[in-house]
Structure formats: C-alpha cells, structure tokens
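Each remark here refers to the structure printed beneath this line.
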Number of protein chains: 2
Amino acid sequence: MREPTFLILTALARAPMHGYGLITEVAELSGGRVELRPGTLYGALDRLADDGLVERDREEIVDGRARRYYRLTDRGETALGAEVERLSHTVRAAQARLSARATQRPAVA
Amino acid sequence: MREPTFLILTALARAPMHGYGLITEVAELSGGRVELRPGTLYGALDRLADDGLVERDREEIVDGRARRYYRLTDRGETALGAEVERLSHTVRAAQARLSARATQRPAVA
DNA sequence: CGAGGATATCTTCGCAACGAAGATATGTTC
DNA sequence: GAACATATCTTCGTTGCGAAGATATCCTCG
C-alpha cells in the first residue's frame with residue numbers, strides 16, 4: 001500500500017467522503033505534501049472497492065453537481081490498522097538507527 | 001519512496017553492508033515482513049546510487065566470494081531523515097483517526 | 001563423492017500504482 | 001465573459017517492485 005492509498009483510507013476513517021472532498025482532505029492530512037490527481041484518486045477508489053476496503057455510500061446533488069460518497073468498510077479499517085502497525089514499527093526502527101548514527105558520527109562534534 | 005527502498009537506507013544507516021547482507025538485515029528489521037528479492041535489491045541500489053543516496057564502498061573477498069559494500073551518503077541520511085519525518089506525521093494522523101473511530105463505533109459496545 | 005542448501009552476484013520481464021494531462025460540466029466571482 | 005472552484009472521469013506513460021532464473025563458490029550431510 002502506497003502513501004496516496006493510505007491517506008485515502010485514513011481520510012475515510014473519520015467519515016464518508018466524496019472524491020473531491022478527499023483531494024482537499026488528503027492535502028490537509030499530509031500537510032500539503034500529497035496532492036491527489038484524479039487519475040490517482042479514482043484509480044485507487046476503484047481498486048479499494050474491488051478489494052472490499054471501501055464501498056460506495058450515498059449520492060448527493062449539491063448545487064447541481066453530483067457527489068459520490070465512499071465509506072470505509074470493516075475490512076478497510078482492519079487493513080488500515082495493520083498498515084499503521086507495520087509503518088510505526090518501521091519508522092521506529094529507522095529513528096533508532098538514525099539517532100545511533102548521530103551519536104557515532106555527530107554532525108556537530 | 002517505498003518500503004523496500006526505505007528499509008535498505010535504514011539498514012545502511014547503521015553500517016555499510018553488502019547486497020546479501022542487506023537481504024537478511026532488511027528481513028530482520030521488518031520483523032520478517034519484507035524479504036528482498038535480488039531484482040528489488042540491485043534495482044534499488046542502482047537507483048539510489050544514481051540519486052546519490054548511497055555509494056559503493058569497499059569490496060572484499062570472503063571465502064572466495066566477492067562482497068560489494070554500499071554505504072549511506074550524507075544526502076542519503078538527509079533523505080532518510082526527511083522520509084522518517086514524513087511517515088511519522090502520516091502514521092500519527094492515521095492513529096488519531098482510528099482511535100476516534102473506535103470511540104465513535106466501538107467494536108465491543 | 002554427490003546433492004542440496006547457504007552465500008553471493010546480477011539480469012530479464014511483467015505488473016500495479018501512481019502521476020501528468022486533459023475532457024466534461026456546473027456554479028461563483030470579478 | 002473570463003477565470004476559478006467544484007465535481008466527475010479517462011488515457012497513457014513512468015517507476016518501483018516482484019517473480020523467476022542464471023551464474024558461481026563454499027559447506028554439510030548422507
């Protein structure tokens with residue numbers, strides 16, 4: 001699972017959202033570092049739906065424009081949880097290596 | 001940057017290593033979750049070398065077999081640090097969402 | 001001694017996710 | 001009426017990875 005997909009699931013963990021809403025939400029979530037393109041977004045949503053991690057929710061018409069909402073499934077929640085677990089282990093390992101390295105080879109001696 | 005690449009940089013943060021050593025080291029680092037294949041490993045090393053994040057270190061002959069060591073460059077250390085920073089933000093955001101969701105929709109009511 | 005497994009390198013090829021780009025359409029703002 | 005924000009979706013190229021295998025040496029076990 002790559003970062004855009006991970007962030008889409010994370011965004012949907014709070015509440016069902018529609019595509020365009022996900023673009024802005026993911027941008028916020030990531031501190032502006034990830035700006036989803038439509039190709040990435042809709043490709044990921046289709047894939048996640050195929051995998052049963054998200055589902056089509058309701059559809060709304062707001063100001064004459066359709067909004068298609070997606071929601072996280074239970075399987076999606078489980079998958080996201082597993083990915084978080086995995087990532088936090090990896091991050092901790094890397095942090096430990098980097099601080100050990102800083103001790104061994106201090107930038108400022 | 002994807003997980004195999006991230007783990008290769010993390011492994012090299014401790015000390016220079018050769019390819020085969022990286023395979024076992026990354027497996028350990030990841031708790032056995034990531035088993036590098038040669039195609040992944042040498043492809044990543046070539047790419048990282050092109051990007052200046054790792055460098056060829058010394059070469060040793062041990063028991064008649066060549067060992068080509070790679071080391072993390074300063075740029076590589078910086079890149080790894082940035083990636084760790086980025087990931088830890090993302091992970092924290094996801095953890096917050098997941099626990100909020102658990103409060104809203106407890107699995108055990 | 002021969003087979004198999006561990007150590008060690010590297011290449012080829014296909015796939016999946018992403019990113020760039022753009023098509024389409026409505027509403028709002030200047 | 002031009003430009004921008006909202007909202008959908010498609011096409012196509014790139015990239016990193018994974019599967020598979022080629023090559024070679026050393027060690028262990030029967």
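Sequence lines set the chain letters: A, B, ... in the order given, protein chains first and strands last, and positions in each chain run from 1.
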Separation of atom CG in A:Leu48 from atom P in C:dA17, rounded to whole Å
9 Å
Side chain to side chain contact (heavy atoms under 4.5 Å, CB included) against B:Ala27, all qualifying residues, sequence neighbours excluded:
none
Could you give the distance from CD1 (B:Ile8) to CD (B:Glu3), rounded to the nearest 0.5 Å?
11.0 Å
Nearest whole angstrom, please: distance from the C1' of C:dA17 to the CE of B:Met1.
17 Å
Examine distances only and state if a side-chain atom of A:Arg67 and a backbone atom of A:Glu60 form a donor-acceptor pair shorter than 3.5 Å.
no
Near DNA chain D, under 4.0 Å by heavy atom, which residues of residues 4-40 of chain A?
A:His18, A:Gly19, A:Tyr20, A:Pro38, A:Gly39
Counting N and O atoms only, with roles assigned by atom type, does the side chain of A:Thr10 sit under 3.5 Å from a partner on the main chain of B:Ala94, one being a donor and the other an acceptor?
no
Which is more 5' along DNA chain C, the nucleotide nearest B:Gly43 or the one nearest A:Arg2? Just name the residue.
B:Gly43
Please list, in numerical order, the residues of residues 56-84 of chain B that have a heavy atom closer than 4.0 Å to any atom of DNA chain D.
B:Asp63, B:Gly64, B:Arg65
Charged N to carboxylate O under 4.0 angstrom, B:Arg37 versus B:Glu35?
no
Under the rule for salt bridge (charged side-chain N to carboxylate O under 4.0 Å, His left out), what residues qualify as partners of B:Glu25, not counting sequence neighbours?
A:Arg97, B:Arg14
Give me the first and last nucleotide of DNA chain D, going 5' to 3', that has any atom under 4.0 Å from a heavy atom of chain B.
D:dG16 to D:dC26
Provide the full list of ring pair (Phe, Tyr, Trp, His ring centres under 6.0 Å) pairs with a residue in residues 37-63 of chain B, sequence neighbours left out, each pair given once.
none
When you measure from the side chain of A:Thr5 to the backbone of A:Met1, do you find a donor-acceptor pair of N or O atoms at a distance under 3.5 Å?
no
Working to the nearest 0.5 angstrom, can you tell me the gap between A:Arg71 CZ and A:Glu77 CD?
13.0 Å
Do A:Thr90 and A:Arg86 have side-chain N/O donor and acceptor atoms under 3.5 Å apart?
no
Length of the line joining A:Asp50:CG and C:dC15:C1', which is rounded to integer Å:
16 Å
